[in-house]
Amino acid sequence: MEMRQLGRTDLTIAPLVLGGNVFGWTADEKTSFDLLDRFVGAGLNAIDTADVYSRWAPGHVGGESEAIIGKWMKSRKNRDKVVVITKVGSDMGQGKVDLSAPYIEQAVEASLKRLQVDTIDLYLSHWPDEGTPYHETLGAYQRLIEKGKIRHVGASNLDAGQLRAALSVASQRKLPRYDVLQPGYNLYDRSSFDGPLRDLCMAENIGVITYFALARGFLSGKYRGEADLGKSPRGGSIGQYLNERGNRILAALDTASARHNATQAEVALAWLIARDGVTAPIASATTAEQMDSLIRSVSLELTAADITELDQASAPA
């Protein structure tokens, strides 16, 4: 299995990260354990979650995903084989995004307990918090690193200006910098990362792990028209992709998938894995078949012609 260094950190990860948003939500504990076993058994090692997963589900309070991952690692005694990535700052009942020092220091203890670990490998600021200065957030992370509770820090959902400002504060005050970025990025949703943000990450050697790698499922190819939107609970959010550009992308995926005897989803993930500036995409699964497909995407080598066709089909207007 090819391993990639995650930015300037000492973390090395396989080129696909497992999304833990489904654990304890659309995948029960037994299914989650089976999926995790399959993932690690294939030689992959990084698992992404967040304290807020899956607070949105009826009867849930958040932390369900972290708790399942923690139980699984304890039962398998494989903590040393797993890179644990989790996030802080989402609304867990406080009514706002919160990256204040007191909140972070409280939230990390809850995550550590649920995950049943002494140290979190990568701790991410989940959303920008305009009410908290960067030096306060980064100072809190510095204290957690010094205490051995976290190893490295990163951020999700920052634009180029926000990331540049955070890097500047870290440099000026000699605080830990965001060494990893987690943006939403895929063949369709390219404009928020391609350009200044991608250029900054590459210039600063910032690791990038992308979410929404399959555009909420659109890039699986199973949504071709309005009649298909009822195929899953996410169908309502996929209508935005049903347009001329979306159809061009699906056509290019169809061509490449036929050429390689692969699924459209595997090709879409392989495009991300091959993309300069991307360390690894995040993808989740709820069945063994889906997991096997994710694993196959890691070994799918697209040709230069495949990548050119996909680049051209997905180029933003």
Side-chain angles (χ1 to χ4, degrees), residues 1-4 12-49 53-54 65 68-69 71-73 75-76 78 81-85 185-188 209-224 228 231-235 238 249-250 252-275 278-303 306-307 310:
M1 176 65 65
E2 172 202 3
M3 303 302 281
R4 297 177 173 183
T12 56
I13 64 171
L16 180 72
V17 175
L18 182 59
N21 58 311
V22 298
F23 299 149
W25 175 36
T26 50
D28 62 20
E29 184 173 303
K30 181 184 183 305
T31 301
S32 299
F33 276 33
D34 291 344
L35 294 167
L36 287 159
D37 287 341
R38 218 172 185 91
F39 180 79
V40 172
L44 296 109
N45 66 332
I47 301 167
D48 176 84
T49 185
Y53 299 165
S54 50
S65 173
I68 282 181
I69 294 167
K71 289 180 184 178
W72 171 75
M73 286 190 294
S75 71
R76 303 305 191 253
N78 64 354
K81 295 182 179 178
V82 178
V83 173
V84 176
I85 305 166
Y185 186 59
N186 56 62
L187 266 168
Y188 190 102
I209 49 178
T210 65
Y211 71 90
F212 282 162
L214 296 178
R216 298 175 170 85
F218 172 70
L219 298 175
S220 69
K222 70 179 182 180
Y223 302 95
R224 303 283 176 157
D228 296 325
K231 289 182 176 179
S232 80
R234 296 189 299 181
I238 290 170
I249 293 170
L250 290 182
L253 285 171
D254 290 343
T255 299
S257 64
R259 191 178 290 151
H260 293 277
N261 192 27
T263 68
Q264 288 86 347
E266 289 162 17
V267 172
L269 290 171
W271 179 84
L272 281 169
I273 290 169
R275 185 84 173 141
V278 173
T279 311
I282 302 167
S284 57
T286 56
T287 67
E289 292 75 20
Q290 290 174 356
M291 178 59 74
D292 290 345
S293 180
L294 296 185
I295 292 166
R296 286 195 298 271
S297 72
V298 177
S299 58
L300 175 56
E301 294 187 15
L302 299 179
T303 66
D306 294 327
I307 292 172
L310 290 164

*Close side-chain approach of Leu250 to Phe218, heavy-atom, < 4.5 Å*: yes
*Start with the C-alpha distance between Ile85 and Ile13, add both sets of side-chain angles, then the distance that settles side-chain contact (heavy atoms from CB on, under 4.5 Å), and finish with yes or no.*
CA-CA 11 Å; Ile85 305 166; Ile13 64 171; 5.7 Å; no
*Are side-chain heavy atoms of Asn21 and Ser54 found at a separation under 4.5 Å?*
no
*Spatial distance of atom CG (Leu36) from atom CG (Leu44) [nearest 0.5 Å]*: 11.5 Å
*Is a side-chain donor or acceptor of Arg4 paired with a backbone partner of Thr279 at a separation under 3.5 angstrom?*
yes
*Which word best sums up how the rings of Tyr185 and Trp271 line up, parallel for under 30°, tilted for 30 to 60°, or perpendicular for over 60°?*
tilted
*State the CD1-CG distance between Ile249 and Asn186, to the nearest 0.5 angstrom.*
8.0 Å
*Could you please spell out the steps behind the side chain to side chain donor-acceptor pair (under 3.5 Å) verdict for Asp254 and Ser257?*
CA-CA 5 Å; Asp254 290 343; Ser257 64; 4.7 Å; no
_Atom of Ile307, atom of Ala274 and distance for their closest heavy-atom approach_ = CD1-CB, 4.1 Å
*Hey, are the side chains of Met73 and Asn78 touching, using non-hydrogen atoms and a 4.5 Å cut-off?*
yes
*Side-chain heavy-atom pair Val82, Ile69 within 4.5 angstrom cut-off*: no
_Which atom of Ser32 lies closest to which atom of Ala27, heavy atoms considered_ = OG-O, 3.1 Å
_Just so I know, are the side chains of Leu18 and Phe23 near enough to count as touching, which here means a heavy-atom distance under 4.5 Å?_
yes
*Leu214 and Leu269, any side-chain heavy atoms less than 4.5 Å apart*: yes
_Contact check, side chains of Thr303 and His260, non-hydrogen atoms, under 4.5 Å_ = yes
*asked:* So which atom in Leu294 and which in Ala283 form the shortest heavy-atom distance, rounded to 0.1 Å?
replied: CD2-CB, 3.7 Å
*To the nearest 0.5 Å, what is the distance between OG1 (Thr210) and CZ (Arg275)?*
11.0 Å
*Taking all non-hydrogen atoms of both residues, which atom of Leu300 and which atom of Ala262 are closest, and how far apart?*
CD2-CB, 4.0 Å
*asked:* Please evaluate residues Lys30 and Asp34 with respect to the criterion salt bridge (charged side-chain N to carboxylate O under 4.0 Å, His left out), reporting the C-alpha separation (whole Å), side-chain torsions for both, the decisive distance (0.1 Å), and the verdict.
replied: CA-CA 6 Å; Lys30 181 184 183 305; Asp34 291 344; 3.1 Å; yes
*asked:* Which heavy atom of Pro15 sits nearest to which heavy atom of Pro281, and what is that distance?
replied: O-CD, 3.2 Å
*Thr49 and Ser65 side chains, donor-acceptor separation under 3.5 Å*: yes
*asked:* How about CD on Glu301, more than 12 heavy atoms from neighbouring residues, nucleotides or ligands closer than 6.0 Å, or not?
replied: no
*Kindly compute the distance separating CD1 (Ile295) from CD (Glu266), expressed to the nearest 0.5 Å.*
10.5 Å
_Among Leu219, Leu187, Leu253, exactly one meets side chain to side chain contact (heavy atoms under 4.5 Å, CB included) together with Val267. Which residue is that?_
Leu253
*May I ask you to test the Asn45-Met1 pair for a side-chain heavy-atom distance under 4.5 Å?*
no
*Would you name the heavy atoms of Ala280 and Ala14 that are closest together and state the gap between them?*
CB-O, 3.9 Å
*Euclidean distance, Ile68 CD1 relative to Lys71 NZ, rounded to 0.5 Å*: 7.0 Å
_Distance check, rounded to the nearest 0.5 Å: Ile282 atom CD1 versus Leu16 atom CG?_
9.0 Å
